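The structure under discussion appears below in the form of structure tokens.
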Amino acid sequence: MSTRTHHCNKLCTEHIGQTVSLAGWVNAYRDHGSGLVFIDLRDREGLTQLVFDTEDSSQTVLAVADKLRNEDVVAATGIVRTREGGPNPKLDTGEIEVVVKEIELLSKTDKLPFLPSDEENMPGEEMRLRYRYLDLRRPKMQQILRTRHRVAKLTRDYFDEQGFLEIETPILCKSTPEGARDFVVPSRLQPGEWYALPQSPQLFKQILMVAGCEKYLQICRCFRDEDPRADRQAEFTQIDCEMSFVEREDVMQVMEGFARRLWKEVLDYDAPEFERLTYRECLDRFGIDRPDTRFGLEIVDISDLAAKTDFGVFATALAKDRGVVRAIRVPGGATRLTRKMTDRYTEFVKQFGAGGVPVCKCTDKGLETGIARFVEPVAAELIARLGLEPGDSVLFGADSYGTCVKALGELRIKVARDLDMIPEGKWNFLWVVDFPMFEYNEEAGRFQSLHHPFTAPRPDQIEAFLAADGNDRDAIEAILSDGYDMVVNGSEVGGGSIRIHRKEVQERVFSLLGISPEDAAEKFSFLLDALRFGAPPHGGIAFGLDRVVMHLCGTDNIRDVIPFPKTQTGGDLMSGAPGEVSDEQMQELHVKSTWEGE
RNA sequence: GGGGCGGUAGCUCAAUUGGUUAGAGCACCGGACUGUCGAUCCGGAGGUUGCGGGUUCGAUUCCCGUCCGCCUCGCCA
């Protein structure tokens with residue numbers, strides 16, 4: 001095989017007359033008979049047209065060219081010249097062609113399940129995953145792989161500049177309570193014992209702070225055995241970091257700088273200073289802890305007005321524990337929202353536990369249709385509070401606070417999509433802060449960490465936290481944490497916190513979570529020990545690398561940015577994982593399956 | 001575990017109210033063509049309509065089950 005001298009995007013008029021060697025895949029062939037053949041040769045970088053004709057190429061070379069088909073692999077040597085048939089403005093190399101003197105067929109392809117170059121007839125995702133190596137040949141996928149590489153490289157560069165050390169932590173870990181379901185690995189050497197794959201290197205990175213590393217970084221794989229979503233895989237990659245002797249502000253500055261660097265380097269976008277919202281504000285105004293503020297449709301409380309009406313739905317809601325009535329103004333909704341759509345919205349919110357979506361319209365005569373006659377007594381106040389103008393419509397939610405804002409928050413996003421209200425090409429970065437430390441889980445009858453059990457209370461809350469009565473639900477839920485989430489266009493890309501570095505605070509958290517001292521000792525003794533032996537104040541954050549790459553590549557499917565992703569049922573359609581293991585393997589691992597098949 | 005959508009040629013899709021031999025584009029195979037660039041033109045081959053059952057004179061179409069893929073609720077400290 002001749003040594004390659006150039007990539008297929010590199011040749012231009014200044015190479016005319018030079019002898020060059022290229023190698024790659026046949027992207028397209030145009031065969032004009034035995035006398036003239038064109039091949040678009042594709043490699044990682046681009047396309048170059050090869051030409052074979054009777055005047056310039058030998059019969060042997062022509063004979064090979066005549067048989068070339070899509071996706072055959074060839075190496076060719078020839079001379080660069082101006083395109084005799086005129087330039088092709090669609091290609092970077094459209095000014096030139098390579099007239100081939102030598103050609104070697106390196107690999108003949110069998111019949112293909114699909115053509116990577118055929119953008120018009122893109123195969124379904126199942127096909128793409130089964131033949132991932134063909135899918136990845138597509139320039140779009142090559143571009144994603146490249147962007148992912150750049151993000152990883154920029155990560156290492158940025159954090160290196162900031163004085164972080166890249167340190168590895170174990171993949172075979174100990175299972176810890178709470179959190180997601182663990183993936184688990186049987187121990188051969190310790191019969192009956194199991195490792196868990198890390199859901200994140202959380203405890204190890206804190207231990208590294210106690211170990212005096214001061215600034216830690218890792219691009220690490222994490223595993224959570226939960227059902228996937230469009231933006232979630234069981235196996236994903238996290239940009240994980242931790243810093244000592246810092247406060248919340250320090251971590252946020254470092255990470256904001258990092259995000260700004262990524263967007264600048266990859267998209268040449270200068271992000272403005274990130275907006276900050278409290279968790280409470282997020283829920284009140286957007287009904288979600290990762291708000292998308294690129295469009296309006298904010299949620300407005302009208303409970304006091306609703307109380308003045310005779311509408312049964314409102315009365316029922318207000319009678320509930322923490323019952324509220326809230327509304328969203330939809331500009332121009334009177335004509336843009338059809339009856340069919342609003343009927344669907346009622347179905348839509350039912351999945352979030354809400355009963356339905358009452359509506360009404362605003363005209364120049366006041367409120368009309370839907371529940372207008374019920375809200376008539378407060379029409380003027382409603383118009384004023386929501387800023388209604390003729391042509392608008394109003395979507396109502398009435399339920400307990402949690403259900404109401406959740407339903408309206410999801411509805412708000414759906415309406416924005418339906419009405420095409422989300423601006424393209426706009427970036428919306430923000431921080432969410434002041435999360436509660438705990439939320440009460442009604443079913444379990446106990447408190448849960450909103451973030452994780454190692455999150456510290458905000459410094460001004462610590463004394464109140466230590467003093468709070470564990471049975472006083474309101475007092476406990478009022479304690480704010482020193483955590484922070486980074487949100488980009490309504491998607492959570494990173495989250496972290498200042499950690500607890502005082503043993504008594506950590507023990508108090510465990511006890512509130514219902515983790516007995518014995519359990520805590522069994523599961524976390526190494527952390528509690530470490531906190532006894534001189535732990536510096538520290539905090540950190542984890543970034544979802546996959547999600548960041550999704551944003552930078554403009555896709556809403558996480559599988560697009562993972563080279564070899566898994567399906568909804570956790571399968572790898574290419575390799576066939578997961579699969580059975582032999583009885584011998586099972587025996588060695590002291591494992592017996594209870595699965596009997598069906 | 002629940003809800004929704006989908007599965008027809010190698011790929012992307014079509015097929016009237018349940019009705020004759022299940023079609024088209026691309027790919028593939030053969031042929032023609034010396035300036036194409038998604039080459040063009042002619043011809044050919046290619047089907048267990050995911051799988052199993054049911055209804056029917058007759059099922060790609062209707063019903064039930066099941067498998068696979070996607071979206072989603074739950075879940076994701």
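Protein chains get the first letters and strands the later ones, always in sequence-line order, with residue 1 at the start of each. None of these values were measured; they are calculated from a predicted model.
Between B:G69 and A:T569, a contact under 4.0 Å exists linking OP1 or OP2 to a side-chain N or O. Between B:C28 and A:Y29, a contact under 4.0 Å exists linking OP1 or OP2 to a side-chain N or O. Between A:Q568 and B:C68 there is no side-chain polar atom (N or O) within less than 4.0 angstrom of OP1 or OP2. One finds no side-chain N or O of A:R224 lying less than 4.0 angstrom from the OP1 or OP2 phosphate oxygen of B:C75. Note on A:R30: a side-chain N or O is less than 4.0 Å away from OP1 or OP2 of B:A39. OP1 or OP2 of B:C28 has at least one side-chain nitrogen or oxygen of A:N70 nearer than 4.0 Å. Close to B:G69, at under 4.0 Å from its OP1 or OP2, lies no side-chain N or O of A:R128. Phosphate contact (OP1/OP2 of B:G38, side-chain N/O of A:K90, threshold under 4.0 Å): present. Between A:R559 and B:C71 there is a side-chain N or O to OP1 or OP2 distance below 4.0 Å.
Contacts of A:E84 with the nucleic acid, taken as non-hydrogen atoms under 4.0 Å apart, include base atoms. At the heavy-atom level, A:Q49 lies under 4.0 Å from base atoms of the strands shown.
Looking at A:R181, its side chain has no donor and acceptor atom pair within 3.5 Å of the base of B:G74.
For A:K414 and B:C71, the NZ to C1' distance is 11 Å, given to the nearest whole Å.
Ring orientation note: the planes of A:F524 and A:F510 are close to parallel, at an angle under 30° on the 30°/60° scale. Below 30°, between 30° and 60°, or above 60°: for A:F454 and A:H452 the angle between ring planes is between 30° and 60°, a tilted geometry.
Here the closest non-hydrogen pair linking A:H15 and A:K10 is CE1-O, 3.3 Å.
Distance noted for atom P between B:U55 and B:U61: 15 Å (whole Å). Going from the C1' atom of B:G1 to that of B:U12 covers 35 Å, rounded to whole Å. Only the P atoms considered, B:C26 is 8 Å distant from B:C41, to the nearest whole Å.
In this structure the side chain of A:Q49 never reaches within 4.5 angstrom of the side chain of A:V98, judged on heavy atoms.
Stacking between A:F114 and B:C11 is absent: the aromatic ring centre is not both under 5.5 angstrom from the base six-membered ring centre and within 30 degrees in plane angle. Stacking of the aromatic ring of A:H32 onto the base of B:G35 is not found under the criterion of centres within 5.5 Å and planes under 30°.
Using a distance-only test at 3.5 Å, with no hydrogens or angles considered, a donor-acceptor pair links the side chain of A:K205 to the main chain of A:C241.
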